[in-house]
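Report on the structure given below.
Not measured: the values here are computed from a predicted model.
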Amino acid sequence: MKRRSTKENLLKASVGEGAANDPKDVLIVEYLFNICNSVIRRPFPESGRCSTDLIMEIRRYQRNELRYPHADGRVDPAGRTLHALVEKARTLRPKRTDLNKSSRPYLAGGSWCGPSGEVAGLLEFLEFKRPPASQQTQEPGTAHRAVVDSYLSLRERAAAGKLHRLKTAVNSGGSFSKLTDADFQAALAALGNGITLAMVKAFAEVESGGKSGFGPAGLPVIAFEGHWFRKLTNKKYDQTHPMLSYKYVKKAGPEWQANNKDQETAWKTLNDAIALDSDAALQACSWGMFQVMGFNFKDCGFSKVEDFVTSMKAGERGQLDAFVGWCKAKPARLQALKDKKFATIATLYNGEDYGNYDVLLEQAYKRHGGS
């Protein structure tokens with residue numbers, strides 16, 4: 001039997017207007033809406049019949065929650081509407097007393113599709129099969145609720161496992177390997193003619209304070225930027241986590257200082273943010289000797305921010321390579337370095353509110369023999 005390979009593909013066919021509505025799929029959509037709307041709306045009867053009321057509810061959800069310009073009244077197997085319903089149900093699902101450790105979703109052939117390590121797409125659910133009549137209750141839709149509840153529980157456990165693995169990887173010690181003359185020469189060769197050794201060393205000095213790219217715990221030096229976390233999470237955590245997600249007022253404001261008073265605190269702050277949104281948290285930090293922001297990972301030559309972080313931990317050479325990648329990503333950056341336009345460089349590297357960064361960079365440049 002052909003397996004369905006999709007992350008949230010609980011449905012084998014679309015549900016809604018213009019769809020060939022399978023009652024089993026309709027039951028799932030009804031149940032998901034009953035979870036999501038349990039506080040503000042009367043529950044659907046979970047009849048398995050795609051009624052006008054259900055289509056209207058799908059449209060309402062698409063318009064009001066998903067901001068669809070043209071709500072189509074359909075829930076497709078791999079579509080955004082189903083994905084959003086599952087995510088919302090995951091956070092709102094009440095604790096059920098009718099499910100215990102032996103609860104299992106029944107699949108085609110009566111087999112149990114359980115977790116085996118980290119199954120691709122969490123689980124690939126197949127066509128549902130009701131349990132034997134002797135195991136059924138009189139409550140409508142119970143078997144399907146058990147299926148979806150079990151699925152959501154497995155998603156939660158898989159997400160928790162993934163978060164644990166990510167935290168373990170991010171927090172494991174890095175390499176203290178220092179930059180060598182050969183490393184600097186390789187960087188100059190990659191940057192091309194016109195950029196001097198003094199310029200690269202000036203960046204290393206100013207960004208690291210003349211120190212290593214690694215802290216006392218063997219982890220890269222970081223600084224968590226809550227205003228970037230706020231932007232990357234669409235202000236989602238402003239109310240619940242104001243120390244992690246806050247509006248930018250000034251450079252190194254009170255939240256920044258509290259979050260980054262030392263490296264132990266900065267890493268604790270990062271881990272707190274990872275628990276909320278790992279991708280945004282890693283991107284909202286500046287990393288290593290050159291304090292390159294994580295959201296620059298693509299400019300630095302990485303396809304994922306996790307790979308960028310791995311490079312930051314691999315030694316100061318990895319941190320230098322990321323800086324070189326950032327410089328080469330935009331011609332204007334290389335040109336500013338060649339022309340020694342320190343104010344332009346400061347703006348490109350730290351934004352318009354760069355303070356006296358241009359002065360510090362020029363002074364360091366001269367200390368390293370620049371003219």
Side-chain angles (χ1 to χ4, degrees), residues 163-180 182-184 186-187 190 200-229 232 244 251-252 255-329 349-351 357 360-361 364:
L163 177 62
H164 175 73
R165 288 189 294 275
L166 175 64
K167 280 192 171 184
T168 300
V170 169
N171 287 274
S172 61
S175 168
F176 275 106
S177 60
K178 298 289 186 180
L179 288 173
T180 65
D183 292 332
F184 279 111
V200 178
K201 287 190 171 182
F203 266 99
E205 177 184 324
V206 173
E207 290 293 341
S208 70
K211 301 177 182 178
S212 169
F214 288 84
L219 293 166
V221 174
I222 64 168
F224 182 80
E225 303 281 359
H227 67 283
W228 275 107
F229 186 72
L232 292 164
L244 299 179
K251 191 176 183 67
E255 297 94 345
W256 188 96
Q257 293 182 39
N259 288 336
N260 300 290
K261 66 179 182 179
D262 53 43
Q263 283 301 293
E264 182 180 358
T265 303
W267 273 90
K268 180 182 182 304
T269 302
L270 172 59
N271 278 287
D272 289 343
I274 286 175
L276 301 176
D277 188 320
S278 59
D279 193 69
L282 298 178
Q283 292 190 56
C285 271
S286 56
W287 294 83
M289 176 172 281
F290 295 85
Q291 287 295 280
V292 177
M293 290 296 299
F295 60 73
N296 289 306
F297 67 93
K298 289 185 179 179
D299 278 1
C300 296
F302 301 93
S303 60
K304 299 186 298 184
V305 68
E306 290 91 342
D307 295 337
F308 168 85
V309 172
T310 298
S311 182
M312 295 301 97
K313 294 170 56 182
E316 291 181 354
R317 173 61 187 267
Q319 298 170 5
L320 174 58
D321 288 344
F323 169 74
V324 170
W326 180 88
C327 293
K328 293 176 64 179
Y349 208 67
N350 282 314
Y357 188 88
L360 295 175
L361 191 62

- Task: Given side-chain contact (heavy atoms from CB on, under 4.5 Å), test W267 with D262 step by step and report yes or no.
- Result: CA-CA 9 Å; W267 273 90; D262 53 43; over 6 Å; no

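For A187 against V324, the heavy-atom pair with the smallest separation is CB-CG2, 3.7 Å. The minimum heavy-atom distance between I274 and A281, with the atom names listed, is N-CB, 3.6 Å. The two residues W287 and L270 come nearest to each other via the heavy atoms CH2-CD2, 3.9 Å. Nearest heavy atom pair, residue V206 against residue A364, reads CG2-CB, 3.8 Å. Of all heavy-atom pairs spanning R317 and D183, the tightest one is NH1-OD1, 2.8 Å. The nearest pair of heavy atoms linking Q257 to A252 is NE2-O, 2.9 Å.
Rounding to the nearest 0.5 Å places CG of L179 at 9.5 Å from NZ of K201. We find the CD-CG distance between Q291 and N350 to be 9.5 Å, quoted to the nearest 0.5 Å. For the atom pair CG (L276) and CZ (F229), the distance works out to 5.0 Å, reported to the nearest 0.5 Å. D321 contributes atom CG, which lies 12.0 Å from atom CD of E316 (distance to the nearest 0.5 angstrom). A distance of 12.5 Å separates CZ of F297 from CE of M312, quoted to the nearest 0.5 Å. Rounding to the nearest 0.5 Å places NZ of K313 at 13.0 Å from CZ of F308.
Enclosure of atom NZ in K328 is not indicated, since only 12 or fewer non-hydrogen atoms of other residues, nucleotides or ligands lie within 6.0 angstrom. No more than 12 heavy atoms of other residues, nucleotides or ligands sit less than 6.0 Å from atom NZ of K298.
Using cut-offs of 30° and 60° for the angle between ring planes, the W228 and F295 rings count as tilted.
Side-chain contact check for E207 versus Y357: some heavy-atom pair is nearer than 4.5 Å. Contact annotation: the side chain of L232 never approaches that of D277 to less than 4.5 Å [non-hydrogen atoms, C-beta and beyond].
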Ignoring hydrogens and angles, write down the donor-acceptor pairs under 3.5 Å from the side chains of residues 216-225, residues two or more places apart or on other chains.
from : atom 1 : to   : atom 2 : distance (Å)
E225 : OE1    : W256 : NE1    : 3.4
E225 : OE2    : W256 : NE1    : 3.2

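For F323, the ring-ring contact (aromatic ring centres under 6.0 Å, His included) partners at least two apart in sequence or on another chain are F203, F290.
Between the side chains of D307 and T310, not a single donor N or O lies within less than 3.5 Å of an accepting N or O. Under 3.5 Å, the side chains of T269 and D272 contain no donor-acceptor pair of N or O atoms. Side chain to side chain, N259 and E255 fail the donor-acceptor criterion of an N or O pair below 3.5 Å.
Put simply, the side chain of Q319 gets close to the backbone of M289: a donor and an acceptor are under 3.5 Å apart.
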